[in-house]
There are 2 protein chains.
Amino acid sequence: MQSQDLQHFIDHGHQVYLPHVSIDCAVFGFHENELKILLLKWKHLNGWSLPGGYILRTEHADVAAHRLLKQRTGLDQVFLQQYHTFSGPGRNKIQDSSRAIETNYHVVIPEDNWLKERVVSIGYYALVEYSKVTNPQPDALTETCAWCDIHELPTLLFDHQEMISEALKALRAQLIHHPVGLNLLPKEFTMLELQRLYETILDTTLDRANFRKKLLGLKILKKTGERPSGKAHKTPHLYSFDKRQYAKALKNGISFS
Amino acid sequence: MQSQDLQHFIDHGHQVYLPHVSIDCAVFGFHENELKILLLKWKHLNGWSLPGGYILRTEHADVAAHRLLKQRTGLDQVFLQQYHTFSGPGRNKIQDSSRAIETNYHVVIPEDNWLKERVVSIGYYALVEYSKVTNPQPDALTETCAWCDIHELPTLLFDHQEMISEALKALRAQLIHHPVGLNLLPKEFTMLELQRLYETILDTTLDRANFRKKLLGLKILKKTGERPSGKAHKTPHLYSFDKRQYAKALKNGISFS
DNA sequence: TCAAAAGTGTTCAATGTACACCCATGC
DNA sequence: GCATGGGTGTACATTGAACACTTTTGA
């Protein structure tokens, strides 16, 4: 960001963005049998945070979340779900993040500036295909945007540790009533890969035979006909999601106990 | 509200309250086998709304919701659940409600006043015991606060029709995984009353014998020993909730299919 | 031919569903 | 007695969980 743009953002940002409200997104991906989450390493603070930002004055929060994710991942059409709004008055994001701006740009933000006021944050979680996020982009105040293993999280800033826990809870609850996978897996996948995804999210192990029967019973999968060859052992079938049936299952709900 | 208080609220309310964020509560009660919701009839607008209000600058949204409900119902310790945040930029609450202030108090609110800016609203639903809300209080801009049957809703202002639909959806989802009733029924009740509550919320009919078995199987009920006499036919047992077991069930979840 | 992974089948228990039957009470 | 609602039992279907068996492939 240029310094004159920055000054404009500090002085007039509240005319463009809705003050006191922000968005934070927990972006989940699946890679090598591990659930990953997209995090940003801050430049002048000792820790990482979820990607987030402000809502435009005339913008729906859902649209803002999509816009912000597009900036970080380059992806459109991401599966996004609002799950909770965090309103603790003690959330010290404001102080910390405006301090980061001051340090980074060598400016002083007045105490009564909109960037130093309390913010309520709307939490979203997103499910994306890991391999499609090849080059996640940090923003002006962060130096790195990277996937982190959900079991090996770095130091998190603000209340983002809680945000991630709650997002995981919401994702697990969602998994029981709605199919998950279309957004996390590549177009074609094996039954075992799908099972590993479920096992990872639910943090448990599942019976291979029963998982197969249950998923096929949902009628949301179709065989692609192709089989990956060249590998050792019996080659598994490849499946893809039947988009029509998947959408129906999303709408009406399923039961994955 | 006195006119000088009002002028202070218009001019300086943004220093006390967090602007751009509000709270709306869908308060549910159960009476005569019908699910009721608490609504406010506005003075200068043709319609009703949910009770709501602003969050204090230093206040958690959950606390604000409790405070607002106490003002309307007189009740403390209400069961409250955040369920969704409504952020449509087209929510015309702002225009309408500030217009109501202008009409009611014969004042003019400047166009750039905080009361005319866009508001994002955090939606809560509450479950209360109908009989404990004996005299619900309207606020300064409303003339009536009353219970309305969920199946016979009056004209609703703003986006509150959607808020109620979503609150009902959330309540139904909650019902499947967590016990509901402690907050909606009187201390002692019959099995049939409990069944009617479930039937009303889920909008279905349930088998009497199976409902009984399932609920007793949850181990959250205990017989009070007493039986209401004087009525016709066989007198039913009275039950109450086992608070300890109920709390455990709330925390760990149950399965009511 | 053997190990490893995929695919299928079978058994048993738990749960859900439908419904029948008896019991208690006031008229 | 009998209508009405409360309380209980049973039979059957559906589902879930555990696990054994067969098939296919590459080494």
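Residue numbering restarts at 1 for every chain, and letters A, B, ... go by the order of the sequence lines.
- Between the side chains of B/T224 and B/S240, not a single donor N or O lies within less than 3.5 Å of an accepting N or O.
- For DNA chain D, runs of at least 3 consecutive pairs of the Watson-Crick or G-U wobble type, with both hydrogen-bonding distances under 3.5 angstrom, map to C:1-27 with D:1-27.
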Quiz item: Could you write nucleotides 2-9 of chain C as a row of B, S and -, 5' to 3', where a protein heavy atom under 4.0 Å of any base atom gives B, of only sugar-phosphate atoms gives S, and otherwise -?
Solution: --BBBBBB
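- Distance check: A/M163 CE to A/L156 CG gives 11.0 Å after rounding to the nearest 0.5 Å.
- Residues satisfying the side-chain contact (heavy atoms from CB on, under 4.5 Å) criterion with A/L127, sequence neighbours excluded, are A/F28, A/F79, A/Y125, A/L171, A/V180, A/N183, A/L184.
- The interatomic distance linking B/Q195 (CD) with C/dT17 (P) rounds to 13 Å, in whole Å.
- Spacing between atom NZ of A/K214 and atom P of D/dT14 amounts to 17 Å, rounded to whole angstrom units.
- In this structure, B/K214 forms a cation-pi arrangement with B/F256, its terminal cationic atom sitting closer than 6.0 Å to the ring centre and no more than 45° off the ring axis.
- We find that CG of B/L215 is positioned 14 Å from C1' of C/dG16, with the value rounded to whole Å.
- Between A/Y239 and A/F189, the gap from one ring centroid to the other reaches at least 6.0 Å.
- Looking at heavy atoms from C-beta onward, A/K169 lies out of side-chain contact with A/Y83 at the 4.5 angstrom threshold.
- Two residues are said to be in side-chain contact when any heavy atoms from C-beta on lie closer than 4.5 Å; A/L35 and A/D203 fail this criterion.
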Quiz prompt | Worked verdict on A/E193 versus A/R196 for salt bridge (charged side-chain N to carboxylate O under 4.0 Å, His left out) | solution = CA-CA 5 Å; A/E193 286 169 334; A/R196 293 280 181 262; over 6 Å; no
